[in-house]
J.: 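Structure below; questions to follow.
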Amino acid sequence: MEFADLIKISRIDNVRVRRAGKPCIEATVAVTGHHLIISSSDTKDSTDREMWLLHRGILSVSKETESNRSGTLLLKYKDMRVFNLDIIGQDCLTALTTSLQALSNVEEQTSSYPFFYNPGFKGLEDGWCLFRPEEEYCKLIKGAESTWRVSRVNHEFSVCATYGKLLIVPTNLTDSQILTVAKHRIGGRFPVPCYLHNVKNNSIPLVRGSYTVAGWRNGEDEKLMAGIRGSNRKGFIICIHHDKIKMAGGKSEYDTVYAQWKRVNLRLPSLSELRESLNNLSAACNDPGNDKWISKLASAHWLAHVKDVLNAACLAAQLIEKENAPVVVIEQEAADLSLILVSLAQIILNPDSRTLHGLEALIERDWIQGGYKFWTRHGSSSPDRETSPVFLLFLDAVFQIYTQFPYSFEFTDRLLVVLGDHSFSSPFGTFLSDCEKERCSYSVREQTVSLWSYLNQVEILSSMLNSLYIPNNSVIWPSVAPMSIILWTSYYLRWVQDQNNYTYERRKITEIIERNKTAKLQALRLRRELQELQDEALSLGLLCTEDTERRDSDNSVQT
């Protein structure tokens, strides 16, 4: 495919660019194979002088108004930005519309920007080697090797096309039995553990998997479930539904075949509900001056969806921590809302997931290796596409926990914003493709740069570290009350509201904390010098013991 064939016009001058919360600017618009470039010299804001917008990030392209002499092109981006381009000339307007529609709908992954990107930095470490599955999985089952093992049964992706090459399975099942189990689960996505929580020296697994194939029993699958339950007397199966009618049903096979497992039904939003909700939220956020802004925000139901998944994750974490029971989260294909639940449960239970590298490892392990369809879910918004902001919903829920426990996270929400942006459109290959099998076939790791290589540079990493962070090894329990769920303004409103105050406040807090650390170190040094001088004075007979004790007592009172 040649990009030149899709570009009907490469440059338009004298374009008026209008955005919510920003003054209008006169600009030149240029189109390349991967970017729309908006250049202007009449703005004081350096970030607006030249904007490079990836075509992959376009949500929709449409003509808003049109006349014989001019018209307006409405551009909506997946990161919530909205541009109105007033263009003189009907031919120019039509050519630009046609070009952007074609370029934003390119489905050939090897034609995407990461395969052409030449980084202007040299990372200290290769991000593709940072989270090796074999090392991550061995770390995960450490101490529980008698119960779990790392299997290479899916090395050729023949068992499950959307799982990675390595999988954790119970030791009581052979690889041939795993093959049989996979046939009994939709898409071959049989239950696999994503976390083992240590409760009273007992490793309690958190597992995700797809629904069983209805109509027949499978002895090997029942043996797998028994292996997951282990020596525990009971376990819980959290069934994710999107349809209230299905939830209203009576007994299922999980009540009969898996009698020692208790079924918990959860109704969570469907992919289409999430997509519509985010569209409504975007419309509200790009119209902040509307008198009915609060009601528009509420009617979008996005915060309600955030509350629902956070509440479900708390339930899963509570069953593990309080009931000491294994939890298996199942979904139709186990590749969307189930990923949110098990990931959030880990944020709640596992302090390592609240560190910067820990969050990166979680995303790499449970989302990228776990087969989340980044390319499909974050693709074009055409009606026949299965797009949905599932990953953004996860990041928003993490933000909610972060705001309630700001001292327990090594990173700030700036990292979450960066992850959200790069998941939709990026020069890096980390969020390319729908599964590991596709990444191998497209040689993603060999031909693109990892996002982790960029994020883990010292200057980038330091800008995302939380100056308030105090390591907390405890389980944290976020509130899921409606008044506790807030709008993530630094993501949704960043294009229409000035974020300088937030940046200034964060910088001042960091400065105060650093000054406090310096003062404490200086005070400690002075106390040591004072102690040395006192000891020397005592040895010379210049002070008596009573004098030093009295002075120490006075100093402690002043402190």
J.: Check for a donor-acceptor pair, side chain of R354 on one end and backbone N or O of I347 on the other, with a separation under 3.5 Å.
T.: yes
J.: Hey, is E222 close enough to R217 for a salt bridge, meaning N to O under 4.0 Å?
T.: yes
J.: Any idea how H357 and F131 line up, ring-wise: parallel (<30°), tilted (30 to 60°), or perpendicular (>60°)?
T.: tilted
J.: Which of parallel (below 30°), tilted (30 to 60°) and perpendicular (above 60°) describes W488 and F399?
T.: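 Parallel.
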J.: Is the closest basic N to carboxylate O distance between K373 and E333 below 4.0 Å?
T.: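 Yes, charged N to carboxylate O under 4.0 Å.
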J.: Above 12 or not: heavy atoms from other molecules or residues under 6.0 Å from CD of E459?
T.: yes
J.: Mind telling me whether F411 and F409 have parallel, tilted or perpendicular rings, with 30° and 60° as the class edges?
T.: perpendicular
J.: Report the C-alpha distance between C435 and F157 in whole Å, list the side-chain angles of each, state the deciding distance to 0.1 Å, and finish with yes or no for side-chain contact (heavy atoms from CB on, under 4.5 Å).
T.: CA-CA 10 Å; C435 59; F157 306 107; over 6 Å; no
J.: Test your reading of the model: is there a side-chain donor-acceptor pair from N279 to the backbone of R275, 3.5 Å cut-off?
T.: yes
J.: Mind running side-chain contact (heavy atoms from CB on, under 4.5 Å) on R185 and I330 for me, showing each step along the way?
T.: CA-CA 10 Å; R185 295 281 174 165; I330 63 171; 4.3 Å; yes
J.: Check this for me: does any side-chain nitrogen of one of D175 and R149 sit under 4.0 Å from a carboxylate oxygen of the other?
T.: yes
J.: For the pair E436 and R445, find out whether any cationic side-chain nitrogen is under 4.0 Å from an anionic carboxylate oxygen.
T.: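 Yes, E436 and R445 are salt-bridged.
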J.: Could you tell me how the ring of H301 sits relative to the ring of H305: parallel (under 30°), tilted (30 to 60°) or perpendicular (over 60°)?
T.: tilted
J.: Quick one: pull up CD1 in I141 and CG in L196 and give me the separation to the nearest 0.5 Å.
T.: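 These two atoms lie 8.0 Å from each other.
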J.: Mind checking side-chain hydrogen bond (donor to acceptor under 3.5 Å, both in side chains) for S277 and listing every partner two or more places apart, or none if nothing turns up?
T.: none
J.: Should we count CD of E276 as having more than 12 external heavy atoms under 6.0 Å?
T.: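 No.
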J.: Is the shortest side-chain N to carboxylate O distance from R494 to D421 below 4.0 Å?
T.: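 Answer for the salt bridge query: yes.
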J.: Please check if the number of heavy atoms outside Y454 that lie under 6.0 Å from its OH is greater than 12.
T.: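 Result for OH/Y454: open.
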J.: Examine the side chains of E220 and H184 and answer whether a donor and an acceptor come within less than 3.5 Å of each other.
T.: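 Their side chains do not contain a donor-acceptor pair, so the 3.5 Å distance test is not met.
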J.: Is there side-chain contact between Q177 and L224, with heavy atoms separated by less than 4.5 Å?
T.: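 Q177 does not reach L224 side chain to side chain.
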J.: In terms of ring plane angle, is the pair F391 and F394 parallel, tilted or perpendicular, where the classes change at 30° and 60°?
T.: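 Correct class here is tilted.
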J.: So F374 and W367, would you call those rings parallel, tilted or perpendicular, with 30° and 60° as cut-offs?
T.: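 Plane angle between 30° and 60°, so tilted.
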J.: Report yes or no: does Q497 contribute a side-chain atom to a donor-acceptor pair with the main-chain N or O of L493 at less than 3.5 Å?
T.: no
J.: Scan L415, V418, L455 and name whichever one has a side-chain contact (heavy atoms from CB on, under 4.5 Å) with I460.
T.: L455
J.: How are the rings of W302 and Y492 set to each other: parallel, tilted or perpendicular (split at 30° and 60°)?
T.: perpendicular
J.: Show your working on ring pair (Phe, Tyr, Trp, His ring centres under 6.0 Å) between F190 and Y163 and close with a plain yes or no.
T.: CA-CA 10 Å; F190 62 91; Y163 274 164; 5.8 Å; yes
J.: Taking the ring of H422 and the ring of F428, is the distance between their centroids below 6.0 Å?
T.: yes
J.: Show your working on side-chain contact (heavy atoms from CB on, under 4.5 Å) between Q404 and S479 and close with a plain yes or no.
T.: CA-CA 8 Å; Q404 295 183 33; S479 169; 3.5 Å; yes
